[in-house]
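Quick notes on the structure that follows.
Side chains included, hydrogens not; waters and symmetry mates left out as well; all remaining heavy atoms used. Letters go in sequence order (proteins before strands), and every chain restarts at 1.
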Amino acid sequence: MLAKLFQFHGGVKPATHKEASTREAIAQVPLPGRLVVPLHQSIGGTPRPQVLPGQRVLKGERIGAADGNVSAAVHAPTSGTVVAVEPAVMAHTSGLTTLSVIIEPDGEDAWIRCAPVDYRAMPPDELRDTLRDAGIVGLGGAVFPSHLKLKPGKGGRTRSLILNGAECEPFITCDDLLMRERAPAIIRGAEIMAHILQADEILVGIEDNKPEAIAAMEAAARGKAQIQVVAIPTRYPAGGAKQLIKVLTGIEVPHGQRSTDYGVQCFNVGTVYAIFEAIDLGRPLISRIVTVAGNVARPRNFEVLFGTPMDHLAAQAGPQPGTDRYIMGGPMMGYPMPAFDVPVVKATNCVLVASPALFPPPPPEMPCIRCGECAQACPADLAPFELYWFSRAHNFGKAQEYHLFDCIECGCCAYVCPSHIPLVDYYRFAKTEIWAREREKDAADQARERFEFRNLRQDLEKKEKAEKLAAKAAETKAKLAQEAQSGGDGGADDPKKALIAAALERARAQKAQAEPKNTDNLAPATQAEIAAIEARRTVLSPHADSPGSAGFAQPARSPGDEQWTANAPLSPPDEAESGLVRPGSARSPEDA
Amino acid sequence: MTTAYTAGRTSLRSGIILLLFALVFTAMMALVFELTRPTIAASTQAEKMKLIDEILSPGSYDNPLLEDFLELGPTPELGLAGGGRLYRARQAGQPVALVVELTAPDGYAGRIDLVAAIRVDGQVSGVRVVSHKETPGLGDYIDPRKDKDRQRPWITRFNDLSLAGVGAGGWKLKKDGGPFDYHVGATISARAVTNAVGRALAYVAGQGDALYATPTPP
Amino acid sequence: MDIARYREIFWNGVWKQNTGLVQLLGLCPILAISTNLVNAVSLGLATILVMAMTGLVIAALRNFIPYEIRIPVFILIIAALVTVVDLAFNAWLHGLYLVLGIFIPLIVTNCIVLARVEAFAAKNEPIASTVDGIGMGVGLLLVLAVLGGLRELLGSGTLLTGIDLIFEGTQPLVLLGQDYPGFLTAILPPGAFITLGCLIAARNWLDSRAAARRPSPRPPQAQPA
Amino acid sequence: MITSPFIRKPTSVQQVMLTVLLALLPGVAAYVWQFGAGILVQIAIASLTAVVVEALFVHLRDKPVGLFVGDLSAVVTAWLIALAFPPLAPWWLTALAVALAIGVVKHLYGGLGQNPFNPAMAAYCLMIVSYPALMSQWPAAGHLDFQSQLQLILGGARDLDAITGATPLDALRTALREAAQPDSALHGLAATHLMEGPAYGWLGGRGWEWVALGYLAGGLFLLQRRIITWHIPVAFLATLAATALLLWGMRPEQFGSPLFHLASGGTLLGAFFILTDPVSGATTPRGKLLFAGGAAFITLMIRSFGAYPDGVAFATLLMNLCVPLIDMATQPPVFGHKKD
Amino acid sequence: MTHYLFVVLSAVLVNNVVFVRILGLCPFMGVSRKLDTAVGMGAATTFVLTLGCGTSYLLDQYLLTPLDLGYLRTLSFIVVIAAIVQLTELVIQKTSPVLHQVLGIYLPLITTNCAVLGVPLLNVALGHGLLESLLFGFGNSVGFTLALILFAGIRERLDGADVPTPFRGTAVAMITAGLMSLAFMGFAGLDRAH
Amino acid sequence: MLAALLAMTGLALLLGAALGFAAIRFKVEGDPLVDKIDAILPQTQCGQCGFPGCKPYAEAIAKGDADINQCPPGGEEGIRKLADLLGREFKPLNADNGTEKPKAVAVIDEQVCIGCTLCIQACPVDAIVGAAKQMHTVVEPLCTGCELCIAPCPVDCIAMVPVPETVETWKWRYPVTKIHKAA
Ligand SMILES: Cc1cc2nc3c(=O)[nH]c(=O)nc-3n(C[C@H](O)[C@H](O)[C@H](O)COP(=O)(O)O)c2cc1C
Ligand SMILES: Cc1cc2nc3c(=O)[nH]c(=O)nc-3n(C[C@H](O)[C@H](O)[C@H](O)COP(=O)(O)O)c2cc1C
Ligand SMILES: Cc1cc2nc3c(=O)[nH]c(=O)nc-3n(C[C@H](O)[C@H](O)[C@H](O)COP(=O)(O)O)c2cc1C
Ligand SMILES: Cc1cc2nc3c(=O)[nH]c(=O)nc-3n(C[C@H](O)[C@H](O)[C@H](O)CO)c2cc1C
Ligand code: SF4
Ligand code: SF4
Ligand code: SF4
Ligand code: SF4
Ligand code: FES
């Protein structure tokens with residue numbers, strides 16, 4: 001029974017450039033001088049470091065423990081000594097650093113004791129924990145912790161487990177080679193996962209330009225009725241999880257929904273292989289297959305330990321002159337690396353050695369002519385030019401209305417755009433801006449809540465104080481009344497008068513206190529506020545300009561910027577302090 | 001806007017003030033109206049006379065033209081769907097000419113309102129466009145103020161011609177076999193005006209003396 | 001002192017808060033009546049008259065008008081004054097009356113009159129309010145004049161058509177020659193919008209040029225690099 | 001920093017526009033064959049003006065002149081104006097139209113890609129409103145030699161009465177109107193009869209049907225090169241034909257036949273080259289159908305009842321107005337959101 | 001029947017208040033920055049204008065004309081309309097606070113939307129009956145709303161355009177309005193059959 | 001003339017009655033606009049706008065007493081949103097109120113702090129913990145960066161430290177359009 005194939009909208013067919021790196025088998029990489037293993041290698045919480053500098057570790061020893069459930073452990077890729085646990089530049093376009101464990105290999109490559117697991121005997125929850133602690137994350141690029149994806153959806157069953165062997169990006173062949181060489185292990189891994197997911201069938205989707213891999217997988221799956229290897233038409237991005245699910249099952253999983261709820265789940269074949277190793281061999285995830293291609297003499301696939309510097313890896317393939325940067329991933333979705341020596345991480349499926357000759361800088365960006373090419377190419381059925389139009393204008397609300405977050409950043413739109421617009425950059429820009437705004441909004445909401453709470457608390461405190469005062473006043477009144485009574489002739493008026501006089505006195509004092517400046521007929525409260533603000537500014541500025549705090553407050557001010565300081569003469573600290581009385585806490589004269 | 005009408009007292013007070021203002025300013029307007037009424041009536045008359053003077057020489061009659069008129073009901077012959085007026089010019093009591101309001105319904109862009117003066121012998125004394133919607137720059141030469149030919153505006157082509165002079169059925173554009181020329185590219189406007197004037201002449205001729213004889217309605 | 005203030009108010013109306021170019025109020029008469037210079041200027045003068053009168057009257061009466069019914073009262077006063085002007089034009093400037101037609105009564109709803117009354121006359125003394133009204137009116141007049149002149153010139157190659165209706169015996173100027181094939185759109189509504197758009201842009205451009213030239217008293221904060 | 005994708009399909013705006021120009025060539029060839037080489041002069045005048053004005057504005061905006069003039073979009077606009085104008089229009093009319101199209105309608109909005117209105121059609125409308133007389137002088141087929149055409153275009157005196165008349169659309173309108181008059185000689189004659197004069201060919205105006213066929217060929221070429229999609233031409237032509245059929249079926253004596261409408265005026269140029277302007281047109285598939293359908297309906301209304309002989313230009317502008325709303329309302333469902 | 005249809009159609013398209021009659025320009029320019037406010041303003045104007053045409057017809061027919069008070073027309077119309085606007089405001093404020101916030105400053109300005117006075121005056125000038133007056137008012141306000149919504153759609157899109165600096169904002173909006181009015185000239189003559 | 005006066009009197013009375021009735025019938029309280037404005041403000045509560053906190057500023061805007069460009073922490077973005085909400089024209093931040101700065105948090109130098117609690121009283125969001133005579137600490141995620149705690153500190157031990165960028169907060173830059181000729 002051959003499954004009926006479906007089609008996804010859009011897509012493009014760039015030249016694949018895959019032949020060169022499939023000529024030779026997967027090779028091992030000699031141990032580098034040091035391995036830099038970032039702790040943060042997957043979506044979710046950054047694993048907590050488990051080792052200290054100077055400590056010796058064995059291959060496969062856990063060096064970072066999962067931080068919460070949305071996280072995955074990190075392990076030592078080889079045996080050796082931890083030289084440092086410090087921030088190091090990560091394999092990320094930003095060039096930011098992240099806490100990394102730096103290991104100096106001892107060359108012995110000594111494994112910890114591996115404990116295979118009998119998956120049929122172990123309850124699924126424990127299996128998932130095992131996978132988390134083995135550091136298994138998606139190797140298809142998204143590095144999402146796999147144990148989280150291995151939960152059956154509603155109803156506890158899954159219709160189809162899909163193995164993603166499409167590998168649609170040009171240049172990349174790591175999955176191809178993995179399937180050719182280790183098909184039986186992949187099938188074994190798939191069976192484990194089908195067990196966890198309670199899946200009815202396993203579909204292996206492979207683009208029809210990889211006949212060898214298809215043949216190998218079919219051979220390995222022979223006799224297993226549950227498993228079907230399906231050749232799908234070669235069209236980028238057929239390997240996108242949603243697209244592959246659509247092609248194989250016709251199901252469209254919307255953005256932000258779990259595919260298991262739709263009865264399907266999709267894993268990269270590399271992930272499946274890693275799960276096989278973790279369960280059947282008891283080995284955590286410490287290496288992966290990486291394609292080295294591009295501006296190298298012998299493009300090839302390597303089994304690479306995480307933490308291996310990319311230039312060390314590239315050296316194995318015979319780098320050629322003219323290289324200007326490395327790209328992690330393929331030419332459609334890959335990220336340029338900030339340096340040559342960034343480490344290979346779990347997300348590294350390919351190190352594309354780039355040169356201006358191979359990937360020339362794009363022609364100048366022209367305005368969008370709304371030709372609609374991009375919409376015809378978009379596999380997510382979006383209107384990329386509208387997203388671009390609004391992102392460019394910083395109109396993020398509109399961009400979201402046009403489903404910015406359904407964009408999978410596949411790059412098809414930018415690939416076809418006759419105006420050479422870096423469309424995906426605009427989307428990435430817009431997405432990170434929106435996230436930043438959401439964070440700000442959350443922070444603001446929290447601040448509002450806390451501010452209101454504080455005001456409430458202060459009001460309560462004030463009320464209490466007032467009550468106390470009132471009680472005291474009543475006492476005084478009573479006392480005065482008593483005195484009057486005893487004094488006799490003063491009459492009933494006198495104590496009242498005294499009280500009024502006292503109150504007047506207080507009010508006057510308050511007024512004097514609250515009116516440090518000649519701000520005219522405002523309410524006393526407002527005046528106090530204004531004073532507060534005024535004072536705060538005046539005190540702040542000398543701070544900002546004093547050499548001691550210049551390092552903190554803000555970057556050095558330009559010399560031409562006198563006005564700022566001119567506005568803020570030094571003022572005696574006591575005024576400043578009295579000025580700092582905040583409205584809620586406006587001190588009554590009694591306090592002073 | 002505030003809606004501070006709630007308190008009955010304020011709202012009453014406001015009402016009274018509003019009323020006062022209304023009264024004072026209405027009084028002012030009424031006063032000015034009474035003051036200007038005669039002048040306005042006079043200048044409206046003058047305006048009308050100015051147009052009529054263009055098509056009928058003021059010296060040719062001696063009666064107060066605007067007071068000697070006939071109310072016409074709907075008259076399809078003149079294109080008047082809602083009726084109009086017809087003024088009579090007389091010299092020493094003798095009929096001199098009729099000033100007819102007429103409409104050409106089939107202009108390029110709709111109705112063309114005209115006024116024509118027709119002498120008692122059936123000759124056209126003059127025609128003017130009162131209002132029209134013809135395309136500016138193309139069809140609007142029917143209005144002499146817009147006609148590029150200041151010396152001899154197109155609309156004066158009809159002057160001193162009569163149905164009889166042109167010949168029965170011959171009151172037409174050159175294009176349609178008549179004597180009247182037109183601007184190329186804007187035949188429709190010219191045709192509409194020409195045909196309307198022709199129909200008016202026929203109507204006046206058909207009615208005969210009755211138009212002069214009927215007394216002015218009160 | 002007062003002179004300086006009045007000058008400020010006046011300048012505000014003529015340039016800074018120009019009704020046609022900045023506040024975008026009172027657009028209908030501006031656009032509709034600017035088909036030629038004579039009409040435009042006449043309407044401008046009429047508006048100045050109305051604005052000065054309403055400013056004066058309302059500012060003088062402002063203390064008698066309760067806040068909550070101010071809008072109806074303002075409208076009442078404006079409407080009455082406009083009707084008076086309308087009647088006066090009809091009686092004594094009949095030719096002009098025919099030209100300005102429906103638009104004299106519409107000065108009532110000319111947003112700018114009410115807007116100024118509400119924003120200024122209701123809060124200031126009569127003289128200042130009159131100055132403000134005149135300033136706003138002059139601003140409007142200038143826009144009208146430029147707009148009317150441009151449109152007439154482009155549209156028919158002449159200036160001051162219709163002047164004979166006001167001054168007997170005068171003749172319009174034919175500037176671009178008898179053969180000038182008028183750019184008719186200029187006289188039609190699209191031309192009005194487009195020309196006014198260009199005037200607004202010209203004002204923006206002049207303003208930004210002036211701002212760039214003037215060493216601003218408050219240099220903008222130098223952003224930390 | 002250069003980011004992904006690192007590879008791009010070899011296409012460019014220039015190539016798109018060049019393809020459009022190529023696609024116009026069959027129509028131009030037919031034009032020259034039927035009406036003489038005067039149109040080439042018009043195209044030259046228009047293109048020259050377009051390049052100069054475009055360069056001027058691009059320079060004023062401080063953008064690279066070579067890049068933006070080289071994108072050829074201004075030349076497309078120029079050619080379309082030249083082809084939509086009467087071929088013997090005086091040179092300044094064409095030049096003024098092109099200058100307004102590029103300078104006002106395109107560059108005041110920021111230039112290429114930003115204009116909400118179709119520059120060529122906006123200029124056409126500006127001109128027919130401003131110079132209705134000049135804009136309705138059309139020559140009959142094969143009437144004039146090149147020399148006199150050149151003189152008419154460049155020269156001053158324009159005694160055109162002898163050689164020009166109304167175009168078929170215009171003439172038919174006039175005739176139909178006359179036929180509606182009870183006292184006219186033509187009264188009661190059907191449009192098909194009115195169209196038997198020498199000004200008419202086997203479909204629409206004599207000679208024009210060949211030009212229309214040229215545009216059709218060019219349009220098919222554009223479809224084949226995937227510069228345009230089928231939606232706009234098909235929706236436009238189908239709606240136009242259907243509406244015309246309806247009117248003609250009801251009162252053949254008052255309305256032109258569907259075939260006549262398809263072959264006359266700006267129909268085919270509009271369907272393939274004008275309404276398909278990507279910048280000012282609708283972008284979604286359903287939106288394109290609505291856009292073109294609406295344009296066809298308005299075109300026919302204007303032709304049959306309106307004040308202007310051809311409605312393609314006004315219909316284009318009117319539908320341009322609706323584009324933001326149409327696009328908003330017809331966004332196709334996004335992947336995964338199809339059911340709701 | 002067709003006559004009434006023509007009254008409406010002609011008011012909406014052929015003699016559009018904004019583009020042909022040039023009335024109601026201030027709110028047209030002022031409230032067209034965003035589509036949803038445009039819709040709200042259109043709805044409010046439709047309500048006020050239709051109602052205003054009806055009332056002013058009655059006022060004219062049964063008060064001013066019999067008493068020969070033609071010169072009070074402007075005054076009384078505007079006062080009645082101002083009252084209607086204020087009523088509308090109160091009702092909207094109560095029933096739809098959001099709409100009220102959005103329309104906020106513009107609701108009182110409806111009073112000064114000259115279309116609101118101009119259309120009733122045109123009604124008198126054209127000698128419309130009650131039904132015609134109502135339809136004419138309705139047609140004109142629909143025409144106003146249509147113009148406003150189309151304009152707002154384009155202006156929203158223009159937000160992202162790289163318009164030359166002096167033309168940013170209202171200048172280019174004005175030019176857009178000009179081209180829109182040019183487009184509407186295409187409808188010229190469609191009411192001729194009427 | 002009498003007719004005119006009578007007619008207008010009648011009209012004025014009628015309308016006055018109708019309006020008066022409606023004003024009572026459709027009375028509304030509360031102002032949802034303030035909350036909408038407040039939701040846009042950054043809640044730094046720093047008072048730079050000239051009002052004691054964001055809510056009072058929101059109220060002032062709603063009433064028309066304050067302009068929309070007075071909140072430096074909200075920056076251009078905030079002004080843009082306010083302009084959008086209120087249908088006003090965007091205008092740049094009023095320099096009198098301060099300038100937009102990168103977000104920073106207060107850090108107390110724990111070596112120097114004498115535990116006077118003055119900063120605790122100043123902090124509008126209770127972001128500082130500590131008790132009298134004990135060292136105080138700023139709870140970083142709660143700190144809005146309002147700088148109100150800096151001035152009261154008698155020993156100047158509080159400094160504002162810009163929040164460092166992490167992979168989570170890193171933003172893609174706006175793609176630079178190289179269309180303009182000028183470099
Ligand atoms: C445009 C695009 C293309 C992708 N191509 C592939 C691919 O060819 N092969 C693959 O395994 N994953 C690909 N992915 C990643 C998949 O969407 C998905 O993350 C992965 O198959 C899930 O498996 P994992 O969790 O094991 O990584 C692609 C993603 C996108 C957005
Ligand atoms: C935009 C436009 C406006 C026109 N306006 C008028 C007009 O106002 N009056 C008119 O007679 N013809 C007008 N025409 C021309 C008519 O359609 C028709 O062609 C002409 O009347 C026929 O005249 P002919 O027989 O001299 O060619 C106009 C044509 C166009 C294109
Ligand atoms: C887009 C467009 C293209 C046009 N192309 C032609 C054409 O090829 N042939 C023609 O006769 N008129 C053409 N015209 C001119 C119009 O038809 C013109 O308005 C004329 O008055 C009516 O011409 P027609 O009716 O027969 O062609 C075109 C008009 C437009 C708007
Ligand atoms: C298929 C196609 C059709 C076009 N049609 C027009 C057109 O009708 N009018 C025009 O001015 N430009 C047209 N252009 C050119 C260009 O898109 C247009 O000038 C833009 O509006 C400029 O921003 C067209 C371009 C293409 C690719
Ligand atoms: S492909 Fe490029 S030019 Fe075409 S619509 Fe998309 S973004 Fe615009
Ligand atoms: S990058 Fe996003 S918008 Fe572009 S084609 Fe891919 S999914 Fe569509
Ligand atoms: S300036 Fe901004 S953040 Fe600070 S209190 Fe005012 S509104 Fe709040
Ligand atoms: S710790 Fe200081 S800067 Fe931070 S919120 Fe509190 S007072 Fe403001
Ligand atoms: S002047 Fe007409 S709406 Fe303002």
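In plain terms, the two heavy atoms of D:R226 and A:E373 that are nearest each other are O-OE2, 3.5 Å. Here the shortest heavy-atom pairing between D:S4 and A:P331 reads CB-O, 4.2 Å.
Of the residues considered (A:L352, A:L423, A:V416, A:I327), A:I327 shows the highest number of contacts with chain D, using heavy-atom pairs under 4.5 Å. Considering only heavy-atom pairs separated by less than 4.5 Å from chain A, the leading option among D:P278, D:G281, D:S280, D:P332 is D:P278.
For a residue to count as touching a neighbouring chain, one of its non-hydrogen atoms must lie under 4.5 Å from one of that chain's; by this rule D:V279 touches chain A with backbone and side chain alike. In this structure, chain D has a heavy atom under 4.5 Å from the side chain of A:P170, while its backbone stays farther away. Residue A:P361 touches chain D through both its backbone and its side chain, counting heavy-atom pairs closer than 4.5 Å. Contacts of A:K398 with chain D are made by side-chain atoms alone, with heavy-atom separations under 4.5 Å and no backbone atom involved. Within the 4.5 angstrom heavy-atom criterion, only backbone atoms of A:M333 (N, CA, C, O) approach chain D.
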Listed pairs under 3.5 Å, donor-acceptor, residues 401-415 of chain A side chains, sequence neighbours left out:
| residue | atom | partner | partner atom | Å |
| --- | --- | --- | --- | --- |
| A:D406 | OD2 | D:H337 | NE2 | 2.7 |
| A:E409 | OE1 | A:R428 | NE | 3.1 |
| A:E409 | OE2 | A:K431 | NZ | 3.0 |

For residues 107-114 of chain D, run the donor-acceptor check on the side chains, cut-off 3.5 Å, and write out each pair with its distance to 0.1 Å, sequence neighbours left out.
| residue | atom | partner | partner atom | Å |
| --- | --- | --- | --- | --- |
| D:H107 | NE2 | D:E54 | OE1 | 3.2 |
| D:Y109 | OH | E:T176 | N | 3.4 |
| D:Y109 | OH | E:T176 | OG1 | 2.7 |
| D:Q114 | OE1 | E:D162 | N | 2.9 |

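Taken from CZ in A:F171 to CZ in D:F6, the straight-line distance is 11.5 Å, to the nearest 0.5 Å. One distance of note links NZ of A:K242 with CZ of D:F335; it measures 7.0 Å at 0.5 Å rounding. For the atom pair CG (D:D71) and OG (A:S419), the distance works out to 8.5 Å, reported to the nearest 0.5 Å.
At a threshold of 4.0 Å, the pair D:D327-A:R370 counts as salt-bridged, since one of the basic side-chain nitrogens sits closer than that to a carboxylate oxygen.
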Residue pair D:V334, A:L382: steps toward the side chain to side chain contact (heavy atoms under 4.5 Å, CB included) verdict: CA-CA 6 Å; D:V334 168; A:L382 298 169; 3.7 Å; yes
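Partners of D:F314 by ring-ring contact (aromatic ring centres under 6.0 Å, His included), not counting sequence neighbours, listed by chain and number: D:Y308.
Residue-environment remark: CZ (D:F221) exceeds the threshold of 12 foreign heavy atoms within 6.0 Å.
Under the 4.5 Å side-chain criterion, counting only non-hydrogen atoms from C-beta, D:F68 is in contact with A:P367. Annotation: side chain of D:S73 is not in contact with side chain of A:I369 (no heavy-atom distance under 4.5 Å). Taking the side chain as every heavy atom from C-beta outward, D:P333 and A:D381 never approach each other to under 4.5 Å.
Using a 4.5 Å heavy-atom cut-off against chain A, the contacting residues of residues 7-14 of chain D are D:I7, D:R8, D:K9, D:T11, D:S12, D:V13.
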